[in-house]
Structure formats: structure tokens, C-alpha cells
Asker: 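Sharing a structure here in C-alpha cells format.
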Amino acid sequence: MKHTLGFNSHSPMKFVGLDTRYKVASGTELVRLHLDGAASPLPSQTAIDTMMELLPHYSNTHSYVHNSAQISTKALAWAHEQVLLFLNASPTVYTSVFTGAGTTAAINRVSRGLAIARPDKKIVLVSSMEHHANDLPHRSHNNEVSYIPLVGEGANRGAIDLDAYRSLLEQYSGSVNYVAVSSVSNVTGILNPIDEMTSLAHLHGALILVDGAQSVAHRITNLDRQDVDFFIFSGHKVYTPSSPGVLVAKKEVLTTLNGQDLGGGSVSSVSYFDYELIPSYPDREQSGTPNIIGAVALASVLNQLQHQPMSEVERHSASTMSYLIEELKNLPKITIYGDNSLDRTGAISFNHERIDHGLLAAILNDYYAIAVRNECFCAHPYVSELLKKELWEIDLTDIKEEEHEFYVNRKRGMVRVSISLYNTRADVDRLITALREIEYELDNLEKNYEAQPDGSYEHKEFKIDWKAELKFLT
Ligand code: PMP
């Protein structure tokens, strides 16, 4: 049987949706510019081709009886292998598990398991720049969370403060269950010193969980070198919509954890009184029917990225990002959040002194077909810290008292621009031109909008006819 899984892994990646066009408020139609990859980048054509190739064979796994079951089972096993290969994780040390709702499900799984497995260690050290998915789960299970400070102050905060981190580990030595940190922030794109953090955690008997959701598509991951205990990411952040979350863990650590989802697929024998888990990975952790099609599609994308190769992906990401930062710095009245002397990848966030984040994001969409994200990006504590000084200094003297909260809400957030593999310097130029024009035309543009109580802005006349975009609704 020809079993290529759908693509030539040496060809450059193609993306679906680069030519999507939308009507804009001025009446014309523009090609949409997608600068929202940190939320979910555009799908790769490889993912779609792989899905289409596997779908005619679609079958549940865990069976070798009929041909389709064999093909699906083998393809899923191949997907597990590709994940480890992509992350430079030796299969003798690590295993990969496909989880439900992205990174969130996998982090919840690990945090629950570690609390049960190491009840004498109550402290969890969490970085101060985390997405809620890598913060809130750790606050459960009677854990005591201590937040690791960042270097710097106010809007110029940088990465994890390694001295403060070392002090926390010394202060709580022996009581720290694990450390939770993202390799790259989903707000500022700032990178954390994962190698140093891992060796320090291990020195103090703590484990480390790395949320790789924002790094995995942009940076080479080398788990064998880094030695992290848990590395977690979402397939949808790597150009594969409808794909699962991925938990990669050291098998020797995973073996000590209880608390995974239980059911069929992960057990070798069950009686009314007892059950036994399958001793081998990934089956031991993979109860229920996994997202087979999504997992295999993701694996084909990871395979292709390796051949891209990833060093080129890293270079593209770094150079497009520094071009974006330099161009933004040349604009007046813009504050870029985070320490600008640091390398960034994936995403950066900023504000314009005169334009609320909700208004700027709306104008970029409505008049320029530029898709960015705004508000607090599910990282409220971090965004609040970055904004604290600005919010504190808001002059409310001319604002009626009953409108104070409404007014401050409109300022509580940022605009985030993300750079994906399909973005070019020309995309950055288009954004910068739009930002210049918006500033120049602000008085005219502003009149067309109504501020909403939640901080968003709605155009008074223009709205996308979303039903017209979807033929299946007709
Ligand atoms: N962590 C980070 C750093 C993220 O950027 C995201 C997604 N915005 C998540 C976790 C959550 O991922 P998911 O929604 O796929 O569970």
C-alpha cells in the first residue's frame, strides 16, 4: 500500500486562506491580512491534504481486524512518533499523549496528577506572565501558588527574574512540587530561560512543566537537551485546525501520576472489583477514542516543518519580528509592551496613546481587512501589571463619575499582532501604512463608532454579512 500520508514533506508549506477577501466599510473588497496567528494561525494545506487522504480509511483505532482499522491505528502510532521526533525527544525517555481541549486539557491533567502523586509538596511556582491555562489549574488541588517575578518594571518588564526564581526555590526547597512556565509569552512574545529554569528546578527536587503553545511553531524545541518533565502545546497553534492538544512527558515521571481520564483503551484487564492500566505508553494515558484525524494531520505538519527546516522557520520568525518592532518604534505615540532589548517571537502587543485598543482593532478590521486581536489575551494578571502605570495615571477630571469605570475599561487592554510563517515584511508594511493613515484620519473614523460597555467598539453602519460568507447556511 502507498502510505505517504498525504504530502511531500520537502516542499515549502502552503496555507489555506491567504487569498480570503472581505468587504470593508469604504465599500471595496480587500484581501484579508491575517496577523492573529498567536490565537490560531491559518491552516496548512498539508494538514488538509492529510485529512483528505486519511478520511476514506477512517476507522476507530485499537483494532487490527479490518484494513481501515489497521491503517488508522498505524497512522496514529506514526503521529505519536512524529511528535517526539519534532521535539527532539528520545522515545526511550519521553512519550506523547493527545489530549482534548488543546493545551488547557493537558495542563489540567498534569496539575491534577502531580497534586495527587506528591501530596507532601504543596508549593507550585508559576511565572507571572502566564496564560490563564497555565495559571488557574495550579491554583486548585490545595496547592499554594507562588508567582515568580519578572525582570524590570511596568511596561518594560522582561522575562523571568532568575535570581528571584532561585531565591524562591531556596526558600521552599523540598516543598516545591513543580514549576509552571511558558517558553514564550502569548502577550509580549518574550522568551523565558527554560534551560536554566529546568536545571534549577531539578536541583531543588521540583519538576517543571513548560507551556510551549507559543513557541512550538516558531522555535526549535530540544527536549533531550532541555530535560523538561512536561512539554505541552496545542495542534491548532501549529497550522492544524481541529487537531488535539499534545502532552509530552518523561515516562518515568508519568508513571508516578494518577488522575488521568479513565475508560477504554488504557486498561489491560478490568473486573467488577479492580482494573489494571496498560504498562506501555502512550496507551496507558490515552483513554477513549482520540482525535485520530486531527492528530495525524498535525503530525504531517510537524514532519513538514522539520524538513522546512525549523532553523529557517526560526530565522524567518526572528527577522520578521524585529522588522515589525523597528517599524512600530518609528511610529509616534505607540507603546510596545515588554523589554524592547529582548528577542521576541510570535506576538507583540502595543497601544496607541490616542486610540483605545478596541477602536484600533475594529478600524484595522473594518477599513483595512487586517485581523489582529485585542483586550487581555487570557493573561489578565500579566496585562494588568504591564498596564498598571497607564491605568493609574488616566486623567478622569473631565469624565462624569458614573462613567469612570466604563472609561477605564476601554483602556484595559492592548492590540496584539502576531507573525506566522506566512507573514512577510510586506505584511508589516501594510500594517504600518494602515496605522499611519488611521492616526491621520482618526477624527473622521472615530465618528463612525460607538463605544460599548465591555470596551469594544461597533461601527454604526458596517457589519460583515457572515451568513453570506458560508454557503452551507443557505
Ligand atoms: N497557553 C498559551 C501560552 C496560549 O497562548 C494558549 C492559547 N491562547 C493556551 C495556553 C491555551 O491553549 P488552548 O486554547 O489550545 O487550550
Side-chain angles (χ1 to χ4, degrees), residues 34-43 47 83 96-112 124 126-139 147-148 150 159-160 178-192 194 197 208-219 221 228 230-248 261 290-291 294-295 297-298 301-302 317 321 337-338 344-349 371-383 386 413-420:
H34 193 272
L35 294 174
D36 192 24
S40 289
L42 295 176
V83 168
S96 64
V97 181
F98 295 116
T99 62
T103 301
T104 305
I107 293 177
N108 273 280
R109 155 80 190 91
V110 171
S111 118
R112 195 168 56 236
V124 181
V126 180
S127 106
S128 300
M129 60 158 76
E130 294 311 299
H131 187 282
H132 297 333
N134 198 25
D135 176 1
L136 302 183
H138 315 307
R139 299 188 195 181
Y147 290 95
I148 312 163
L150 308 176
I160 286 294
Y178 62 100
V179 174
V181 61
S182 51
S183 34
V184 169
S185 157
N186 70 313
V187 177
T188 53
I190 288 174
L191 285 70
N192 277 315
I194 300 299
M197 290 184 75
I208 185 160
L209 177 166
V210 174
D211 174 349
Q214 292 296 335
S215 67
V216 72
H218 303 290
R219 308 271 304 175
T221 309
V228 306
F230 303 95
F231 184 86
I232 294 171
F233 69 97
S234 303
H236 71 88
K237 305 273 189 205
V238 200
Y239 311 107
T240 315
S242 307
S243 60
V246 184
L247 160 63
V248 173
D261 295 337
N291 176 352
L298 169 62
V301 173
L302 297 181
S317 181
M321 181 54 85
Y337 296 97
R344 320 256 193 140
T345 197
I348 52 162
S349 298
V372 297
R373 199 153 284 249
N374 70 299
E375 295 187 1
C376 299
F377 324 113
C378 294
H380 293 197
Y382 182 37
V383 169
L386 291 167
M414 306 166 176
V415 174
R416 181 179 75 186
V417 171
S418 359
I419 295 295
S420 302

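Atoms within each ligand, like the ligands themselves, are counted from 1 in listed order.
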Asker: List the atom pairs, donor and acceptor, that lie under 3.5 Å between side-chain atoms in residues 100-110 and the rest of the protein, sequence neighbours left out.
Answerer:
unit_1, atom_1, unit_2, atom_2, d
Thr103, OG1, Ser234, N, 3.2
Thr103, OG1, Ser234, OG, 2.5
Asn108, ND2, Thr104, O, 2.9
Arg109, NE, Glu285, OE1, 3.0
Arg109, NH2, Glu285, OE1, 2.9
Arg109, NH2, Glu285, OE2, 3.0

Asker: Measure from every N or O atom of ligand 1 to the protein's N or O atoms and keep only the pairs below 3.5 Å, writing each with atom names and distance to 0.1 Å.
Answerer:
unit_1, atom_1, unit_2, atom_2, d
ligand 1, 1 (N), Asp211, OD1, 3.4
ligand 1, 1 (N), Asp211, OD2, 2.6
ligand 1, 5 (O), Gln214, NE2, 2.7
ligand 1, 8 (N), His131, NE2, 3.2
ligand 1, 8 (N), Lys237, NZ, 2.8
ligand 1, 15 (O), Ser234, OG, 2.6
ligand 1, 15 (O), His236, NE2, 2.7
ligand 1, 16 (O), Ala101, O, 3.3
ligand 1, 16 (O), Thr103, N, 3.2
ligand 1, 16 (O), Thr104, N, 2.9
ligand 1, 16 (O), Thr104, OG1, 2.5

Asker: Quick one: does Ile419's side chain get under 4.5 Å of His218's, heavy atoms only?
Answerer: no
Asker: I'd like to check Val248 versus Ser96 (side-chain heavy atoms, cut-off strictly below 4.5 Å). Are they in contact?
Answerer: yes
Asker: Taking C-beta and beyond as the side chain, do Thr345 and Met321 meet within less than 4.5 Å on heavy atoms?
Answerer: no
Asker: If the condition is ring-ring contact (aromatic ring centres under 6.0 Å, His included), which residues does Phe233 pass it with, not counting sequence neighbours?
Answerer: none
Asker: Who are the side-chain hydrogen bond (donor to acceptor under 3.5 Å, both in side chains) partners of Ser127, not counting sequence neighbours?
Answerer: Glu130
